[in-house]
Amino acid sequence: MKPARVIAIASGKGGSGKSFLTLNLAEALSRMGRRVVILDADFGLANIELLTGVQPEKSVADVLAGRCDITETLIEGPGGVRIIPGSRSEPDMAALCHGRLSGLINAIDVLAGDIDYLLIDTAGGLSANDLQLIQAAGELLVVMTPDPLSQADTADYIKALRGHCGIQQFGVLTNMTRRQREGHTLVETLQQRLDFEQDLVLRHCGQVPFDQDVAKCCQSFQTILETRPESRTARALQMLAETLDRRRISSPVAGGMTFFLEQTVNAGGM
């Protein structure tokens, strides 16, 4: 049995569309027959549940408090995707101590034999929670947009992750592009900002075009794959899912779900 693939989806700043992409990518993988779970790892201001319009009865806060196990938190998302809800309006959850975060990952580890992918929708930025989860994940996908601030923040973000976590390989997804090869140009510019460091590898995993209907999807609690499956945006996400399923996008650390717990524990020494 193949180990579950753990992919952290991250960004250097808000407004990149990271959570929307995570949810739609998860659905695309699920439509391919893969068993997918999303961990909403913005533990203070969870976004995935807002995008689905579902109000979960239990969340990771209940797991950490011992009120339930991880399987009781799972909610059904689009296309058979399952979601582990984060917490909202609980400031203490936004900065978990290392021991509590390790306890949560230990709880998630029981799902290992029942899933093919765990997608981690990180909070974004350089919180201690995110650094531990990113270092622990088997793969990392950084979302960047054409916005100049996003480009600058992404370069600084990658430098910080390289310094804090020792990551040398990064998958990059360009979002909200308006021209056919704009994503490639953005990644080339990003590489220039990083001074073409020889031990740093960037892989452009795909680009998702700007789509004015994305906002409408969010307002109606639907995915782009549900509402406009033939759109360029939906096709781009399907291609990304197929690309991910064929090969790994990056290798911050080796391993799958079982190794995820081990690396999270080790990451506490950062």
Side-chain angles (χ1 to χ4, degrees), residues 1-11 16-39 77-83 111-122 133-144 154 158 161 167-177 180-188 190-191 200-209 211 223-226 228-260 263:
M1 179 180 65
K2 290 184 178 180
R5 289 176 61 182
V6 183
I7 303 176
I9 301 177
S11 64
S16 67
K18 172 179 57 60
S19 295
F20 182 83
L21 292 174
T22 300
L23 183 61
N24 281 268
L25 174 60
E27 182 182 358
L29 287 166
S30 182
R31 289 184 177 209
M32 293 167 56
R34 308 298 180 257
R35 301 167 298 172
V36 186
V37 169
I38 297 173
L39 168 62
V81 173
R82 290 177 292 169
I83 300 164
L111 300 173
D114 190 40
I115 64 175
D116 300 306
Y117 287 90
L118 173 68
L119 302 186
I120 305 173
D121 182 35
T122 67
L133 289 168
I134 287 170
Q135 187 174 23
E139 301 169 70
L140 173 62
L141 186 62
V142 179
V143 180
M144 177 177 67
T154 300
I158 287 175
L161 289 180
I167 300 173
Q168 294 177 314
Q169 298 183 38
F170 294 84
V172 180
L173 174 64
T174 49
N175 190 28
M176 306 183 198
T177 58
Q180 185 172 4
R181 292 186 57 80
E182 185 175 14
H184 293 284
T185 301
L186 288 171
V187 174
E188 289 174 358
L190 176 61
Q191 185 72 74
L200 193 61
V201 178
L202 302 182
R203 179 182 169 206
H204 187 208
C205 297
Q207 70 174 34
V208 178
D211 192 328
T223 64
I224 200 76
L225 294 173
E226 291 176 306
R228 297 176 59 235
E230 299 305 318
S231 67
R232 291 175 58 223
T233 301
R235 290 200 300 270
L237 286 160
Q238 290 164 351
M239 288 177 60
L240 175 62
E242 292 168 4
T243 298
L244 295 186
D245 201 51
R246 284 196 303 268
R247 54 183 178 175
R248 299 179 66 86
I249 54 176
S250 63
S251 301
V253 294
M257 177 69 83
T258 303
F259 196 74
F260 186 52
Q263 287 301 308

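What's counted below: heavy atoms across the whole structure, side chains too, no hydrogens, waters or symmetry copies. Model, not experiment: these values are computed from the prediction.
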Quiz item: Do you know which two heavy atoms are closest between L25 and L244, and how far apart they sit?
Solution: CD2-CD1, 3.6 Å
Self-check item: Reported CZ-to-OG1 distance for the pair F170 and T154, which is rounded to 0.5 angstrom
Solution: 11.0 Å
Quiz item: Considering only heavy atoms from C-beta outward, does the side chain of L119 approach that of V37 to under 4.5 Å?
Solution: no
Self-check item: Partner of E139 by salt bridge (Lys or Arg N to Asp or Glu O under 4.0 Å), out of R203, R5, R247
Solution: R5
Practice problem: Indicate the atoms forming the closest heavy-atom contact of T243 with C205, along with that distance. | Solution: CG2-O, 4.4 Å
Exercise. Just do the side-chain contact (heavy atoms from CB on, under 4.5 Å) check on M144 and L186 with the steps written out, would you?
Key: CA-CA 9 Å; M144 177 177 67; L186 288 171; 3.7 Å; yes
Quiz prompt | Check: Q207 side chain, Q180 main-chain N or O, donor-acceptor pair, under 3.5 Å | solution = yes
Exercise. Enter the distance from L200:CG to I158:CD1 here, rounded to the nearest 0.5 Å.
Key: 6.5 Å
Quiz item: For atom CE of M239, is the number of surrounding heavy atoms from other residues, nucleotides or ligands below 6.0 Å larger than 12?
Solution: no
Practice problem: Apply the test side-chain contact (heavy atoms from CB on, under 4.5 Å) to residues N175 and S16: give CA-CA distance (whole Å), side-chain angles for both, the deciding distance (0.1 Å), then the verdict. | Solution: CA-CA 7 Å; N175 190 28; S16 67; 5.7 Å; no
Quiz prompt | Min side-chain heavy-atom separation D116-V36 under 4.5 Å | solution = no
Self-check item: Heavy-atom pair with the smallest gap, counting every atom of I83 and G77
Solution: CD1-CA, 4.0 Å
Quiz item: Just wondering, do R31 and L225 contact through their side chains at under 4.5 Å, heavy atoms?
Solution: yes
Self-check item: Non-hydrogen atoms of I9 and T122 that approach each other most closely
Solution: O-OG1, 3.0 Å
Quiz item: Between L173 and G206, which heavy-atom pair has the shortest distance, and what is it?
Solution: CD1-O, 3.1 Å
Practice problem: For D211, enumerate each residue passing the side chain to side chain donor-acceptor pair (under 3.5 Å) test, keeping only those at least two apart in sequence or located in another chain. | Solution: R228, T233
Quiz item: Does L190 reach the side chain of L202, with side-chain heavy atoms less than 4.5 Å apart?
Solution: yes
Quiz item: To the nearest 0.5 Å, what is the distance between OG1 (T174) and NE2 (H184)?
Solution: 7.5 Å
Quiz item: Short question: side chain of N24, backbone of F20 - any donor-acceptor pair under 3.5 Å?
Solution: yes
Quiz prompt | Those residues that, when tested against R235, pass side chain to side chain contact (heavy atoms under 4.5 Å, CB included) (two or more places apart) | solution = R232, Q238
Exercise. Nearest 0.5 Å please: distance from the CG atom of L140 over to the CZ atom of R248.
Key: 11.5 Å
Exercise. Using the test salt bridge (charged side-chain N to carboxylate O under 4.0 Å, His left out), find all partners of E226 that sit at least two apart in sequence or belong to another chain.
Key: none
Exercise. Give, for atom CG of L141 and atom NZ of K18, the distance between the pair rounded to the nearest 0.5 Å.
Key: 11.0 Å
Quiz item: Looking only at heavy atoms, which two atoms of P78 and T223 are closest? And how far apart?
Solution: CG-CG2, 3.5 Å
Practice problem: Check the side chains of Y117 and R34 for a donor-acceptor pair under 3.5 angstrom, ignoring hydrogens and angles. | Solution: no
Quiz prompt | Distance (rounded to the nearest 0.5 Å) between I38 CD1 and T22 OG1 | solution = 6.5 Å
